[in-house]
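Accompanying notes for the structure given below.
FYI, the numbering just counts along the sequence from 1.
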Amino acid sequence: EVQLVESGGGLVQAGGSLRLSCVASGFTFDAFAIGWFRQAPGKEREGVACISSSGDNTAYVDSVKGRFIISSDSDKFKNTVYLQMNSLKPEDTAVYYCAATRDYTGSIYYTTAAEYDYWGQGTQVTVSS
């Protein structure tokens, strides 16, 4: 069974940092592209960052560029993807989800929620001002 489990969320002051983890079971990330999404109350789910299955290509929404970094486990079994979040702002407050979709090209990343097949349950990130 394919499962994704996020962790690392919490309450942090503005300017602080958090690192989210997404651990896969039932598969390894070397054949899956991964995305991090977030959803704030009353708002649409938004793509934050994504990474190709090779780990070589990444993309970010403009609002987090220069502050967030997506990376994958360097271990050959590759079952963890991280989202390092620095210089956090109150507007980053949301439930953060990781998602996975099969990709054997190694080079493609996917930016929209509709392109992903598997989702985690989410982890809450709250940034206080």
Parallel, tilted or perpendicular: ring planes of [X] versus [Y], cut at 30 and 60 degrees:
X      : Y     : value
Phe27  : Phe32 : tilted
Tyr116 : Phe37 : perpendicular
Phe68  : Tyr96 : tilted

Notebook entry, point to check: For residues 7-27, which residue pairs qualify under side-chain hydrogen bond (donor to acceptor under 3.5 Å, both in side chains), counting only residues two or more places apart or in two chains?
Noted result: Ser17-Asn86
[X] side chain to [Y] main-chain N or O, any donor-acceptor pair under 3.5 Å?
X      : Y      : value
Asp103 : Gly106 : yes
Asn57  : Ser107 : yes
Glu115 : Tyr110 : no
Thr93  : Val127 : yes

Next item on the list: Establish, for the pair Arg38 and Tyr97, whether the NZ or CZ atom is under 6.0 angstrom from the six-membered ring centre and no further than 45 degrees off its axis.
Entry: no
Rounded at 0.5 Å granularity, tell me how far [atom1] in [X] sits from [atom2] in [Y].
X     : Y     : atom1 : atom2 : result
Ile70 : Gln84 : CD1   : CD    : 12.5 Å
Glu91 : Lys43 : CD    : NZ    : 8.5 Å
Ile34 : Ile51 : CD1   : CD1   : 8.5 Å

Cluster overlap [X] with [Y], hydrophobic side-chain contacts below 4.5 Å:
X     : Y     : answer
Trp36 : Val2  : yes
Leu18 : Tyr82 : no
Val23 : Leu83 : no
Tyr60 : Val48 : yes

Considering non-hydrogen atoms only, spot the tightest contact between [X] and [Y] and give its length.
X      : Y      : answer
Tyr109 : Ser52  : CB-N, 4.0 Å
Ala113 : Trp119 : O-CZ2, 3.6 Å
Arg67  : Leu88  : NH1-CA, 3.8 Å
Ser129 : Ala14  : CA-CB, 4.4 Å
Ala33  : Ile108 : CB-O, 3.9 Å
Ala94  : Ala40  : CB-N, 3.8 Å

Check: Would Ser53 and Asp30 count as a side-chain contact (heavy atoms from CB on, under 4.5 Å) if you check the C-alpha gap in whole Å, the side-chain angles of each, and the deciding distance to 0.1 Å?
Finding: CA-CA 5 Å; Ser53 58; Asp30 56 355; 6.0 Å; no
Check: Is there side-chain contact between Asp73 and Val81, with heavy atoms separated by less than 4.5 Å?
Finding: no
Notebook entry, point to check: Does the pair Glu44 and Glu46 meet the rule for a side-chain contact (heavy atoms from CB on, under 4.5 Å), with working shown?
Noted result: CA-CA 6 Å; Glu44 300 268 327; Glu46 172 188 42; over 6 Å; no
Next item on the list: Test side-chain contact (heavy atoms from CB on, under 4.5 Å) on Leu20 and Val125 and set out the steps.
Entry: CA-CA 9 Å; Leu20 305 184; Val125 171; 4.0 Å; yes
Note to self: One thing to verify: whether Lys89 and Asp92 come together as a salt bridge, which I'm taking to mean a side-chain N less than 4.0 angstrom from a carboxylate O.
What the structure shows: no
